[in-house]
Structure formats: structure tokens, C-alpha cells
2 protein chains.
Amino acid sequence: MVDDDRHLRAVTDPGGGQADPAAELPAVDGRVPGRRGQATRRKLLDCTKEMLDQGSYRDLKVVDIARRAGTSPATFYQYFPDVEAAVLVLAEEVAVRATQLTELVDGEWKGRGGVDTARRLVRGFLDYWEDNRPVLRVVELATEEGDLRFRNLRVRSLNAVTRALSEVVGQFQRNASVPSEIDPMATAGVLVAMLAHTAAHRYGFEFWGIRRDALEASLSRTVYWTVTGQKQ
Amino acid sequence: MVDDDRHLRAVTDPGGGQADPAAELPAVDGRVPGRRGQATRRKLLDCTKEMLDQGSYRDLKVVDIARRAGTSPATFYQYFPDVEAAVLVLAEEVAVRATQLTELVDGEWKGRGGVDTARRLVRGFLDYWEDNRPVLRVVELATEEGDLRFRNLRVRSLNAVTRALSEVVGQFQRNASVPSEIDPMATAGVLVAMLAHTAAHRYGFEFWGIRRDALEASLSRTVYWTVTGQKQ
DNA sequence: CCCCGATCTGACACGGCGTCATGACCCTAG
DNA sequence: CTAGGGTCATGACGCCGTGTCAGATCGGGG
């Protein structure tokens, strides 16, 4: 109980390493690891990811990660307070890549080009999810379980796209194409929810014999209409 | 290892109790419990639900359920092979209530009435989720983790609504309101995904200051347009 | 080649899991 | 009302993963 502030210290006491905000200052027990330490830390992270690619989050044990990394469980705890913490770092890395989605919203939405923009956005979402499925699965999961760390992460990564989309909706609203009583942010949020959930459950759709083309088409159509308020 | 067929037996050997398909023949070790047994089983289920209402699924321990029910852990294992099994029964009960959603699709979709039908469907979804949030959370969770039992359950409950919606889309397609190259089932699936995900993350939306009214409005608008292919 | 901090790990206490054998309970036939 | 037999509950146990030490090991600068 006396040592209960270890994790806290790791967070509150940057130990002078705060200079580089990009490198998640990895906390051992308050110190910043050297070259060798960094390597093991990375190896542990990689192994965590590999395990996640294979089995479920629920069955992700520290022992297994350690074994796969060829170290002892104790070593794992040297770098992360628990499994969640390790996964959180992975999630952070994935969240950064979500910015690529925001860029897809920047494009022509008026007229025929709008359909293409919508389609590109849809493709981007499906691809992004495909590339990072295992980690995103956990983010979704942990968020739903009420974990604030993951929730904030999720909000941060989807916030940008949502705001961008909401912006576009707002334009078409001033245009009188979208009814004035509609809340642009709500609309954008709902669309993002649709994209995220569809992407997450894609293989569930294929189970019903629905191919990716058809999915893209339906999603694009709905996105385009909802955003622009216009028939394509 | 000789006894490894215990659970199997529970499933494959109805023991003559198959007459009532509504009563999930509860398996102890192959026998069907009597009055007292039924009672404890129910109590365990109820306590499981209560625990689920409070804490996360990950932290749901057999010990805690048993303690709350005022029995020993061993008793729990008399009725369920593991925690998942108990939750699955609860999920089954919730899934049955999903039929109420299908009924909401039956209604006038043409003209002004269609907007109301869409709105009622949206409301139904949000309410259904609100009423059964904790259990549905686990269904979503377990499905995403690849658990087939939960996945099938999820498919079964959402399948009905999706098919019904797809039916309506098909009508408007023959009407030439919806483009012929669109797959009705894909479209319906995408809409259901949107509704489910939005309902599941509703409190995430409120965090952004988006009220339920706005959410309903945006959802209804998108549903109506996508289904009917017509401006409201 | 030695030294010292950085890094790793064996050993341990703890707690939940799942499984028995056994005992308590209840109902009913005699 | 009481013994017998099935129903139900549980104490006790072995197993395994967690998280935490103290102490062993490593490896690069002096």
C-alpha cells in the first residue's frame, strides 16, 4: 500500500524526459529506460499485438505475452502496470493513423463529385478498420465497458472526422439543401457510427452473402444523401 | 476426461423434458432440476443480471455472483458451465423481446406517414437498447470477440428487423425510387448497424452535448431517405 | 578488468476457477 | 412418524494467472 503511488509517479513525474512528447515516456517505476529497456518494451508491445491478432482480448494473459517475448512475467510489469496499459499504447498508435480519415472528408461534395468523395470516405473507413481490426476491436470493447482511457482515445480519433463531416453538413444547411432543424453534429455522429459499426462487423455481413461492393454502394449512397440532402 | 461429455449430455439428452421448448431445459449434470433447483437457478440468473448492471463484464466473477445469491461458487457450477453460459441465457431472454422491433417496420412508408414510421422505428431501437443495455453490451462484446453462441443470438435478433426493412427497400426499388443496382439487404443491414451502434453509444453522444431529440431527428431522416429514396 | 547502474527474474503470497466427495435437505412410501 | 432415496448445497482441494519483492545478471565506461 505504501508503494501504491508507483503508477501515479510514472505519470506525474516525467523525470525530465517530457521534452519529447512523441515518445510516450515509458514508465518503469519512474525512470526512463535506456536503449536495452526500450527494445524489450517494444518487443513486449509487438507480442501483445500478435497475441491480439490471434486470440480474444479476454484471454490475453500477461504470462502468454511474456512467454512469447521470451521473458518472464515480472519483466512485463516492469514496463506496464497491466495488460490494458500495453494495449492502450497500441491503441494510441492506431488512433494517430485515424487522421487519414479526416483528409478524406476534404473534397468536393457538390454535384457528381460528391458521390465519389462519399465513396472514398467509405473505402477509407473500411480499409482503416481492416488494417487495424484487432486493436480497434479492443478499443470498442473497452469503451463499451466504461473504460475512460479508451473512451477518450476513441473520441479523439473519431472526433476529427465527425467535426469535418459536420462542417460539410453545415454548408449544405446554409444552402437550404439540409433542413435547418437538423443538428449537423448529430447527423455527422450518426453517420460515423454507421461507418464504424459496419466496418467492425463486416465479416458478419459477408456471412449473409453481402459483398464489399454492395456494402460500399449502400454506405456511400446513405452518406451522400444524408450529408448533401440531394439525390445523386 | 471420462466425464467430459457432461455438458454435451445436457444438450443432446433432453431427458424427456423437451416437451416445453420455452423452458430452457437447465442442465445440472444431465438431469432436469426440480422446483427448488429452478429457484436457485433463477436467483443466480437474477444476481448475474444485477452484477452486470453495475460492473463490467470483464470483472464479473463467479464468486461474486454466488456471494450475492447467498450460495457457494460450487452451486453456480451446478447450473452453468461458466459465467458466459449464464449471461447467454439472459441474452436469450432479451433477444426474444427484439421481435417488437420488427413490428415497428410494418407501417406506412409512402408519403408523409413514412417519416413517422421511420421515427417510430428509431424510437423503438433507442428504447429497446436503453431497457436492455447491460446485457446487449455483453452480446455486442462477445460477438466482436468471436464467440459464436453470442453471434448467432445477435444475428437472430437483428435478422428479423433487417429482413423486414430490406423488404420495404425492395418495394421502393420496384417503384424506381431506389436505384436498381442497390442491394436491399446490404442497405437494410447498414441502417440497422447505424441504429444499433448509435443506440449503444448514446451516452457518448450526450457527452458531445447532442440530445436525444437531435439524435432521433438525424436518424429518422437518414432512415427514411435511405429506405424510400425520397425527400421527406 | 572492474564497477555500478540498468535490467531481468525466481520465488512467493494471493485470489479466482472448476471439481470432487460428502453431507444436508426434503418428500413420500410404508 | 420415520426410514429410504433422490435432490440440492458446499467445504476442501489442486490448478493457474496476477502482481511484488529481493536479489541475480548484464554490459558499457573508466
Over how many whole Å does the gap from [X] atom [atom1] to [N] atom [atom2] extend?
X	N	atom1	atom2	answer
Arg67(B)	dG16(C)	CZ	P	7 Å
Arg58(B)	dG17(D)	CZ	P	15 Å
Phe76(A)	dG19(D)	CZ	P	9 Å
Gln78(B)	dG23(C)	CD	C1'	13 Å
Leu60(B)	dC17(C)	CG	C1'	14 Å

Is there a side-chain contact between [X] and the phosphate of [N], meaning an N or O under 4.0 Å from OP1 or OP2?
X	N	value
Tyr79(B)	dA9(D)	yes
Thr75(B)	dC8(D)	no
Ser72(A)	dC8(C)	no
Thr71(A)	dC8(C)	no

Candidate nucleotides dA9(D), dC8(C), dG18(C), ranked by approach to the side chain of Thr40(B) - the nearest:
dA9(D)
Looking at Glu167(B), I want to see if its CD is surrounded by more than 12 non-hydrogen atoms of other residues, nucleotides or ligands under 6.0 Å.
no
The reported gap from CD in Glu145(B) to OG1 in Thr143(B) (rounded to nearest 0.5 angstrom) is 10.0 Å
Residue pair Asp64(A)/Ala74(A) against DNA chain D: nearer the 5' end by closest nucleotide is Asp64(A)
For Val62(B) and for Arg36(B), find the nucleotide of DNA chain C with the closest heavy atom, then tell me which residue's nucleotide is more 5'.
Val62(B)
Is the positively charged end of Arg133(A) above the ring of Tyr203(A), judged by distance under 6.0 angstrom from the centroid and angle within 45° of the axis?
no
Fit a plane to each ring of Trp129(B) and Phe125(B), take the angle between them on a 0 to 90° scale, and name the class: parallel (under 30°), tilted (30 to 60°) or perpendicular (over 60°).
parallel
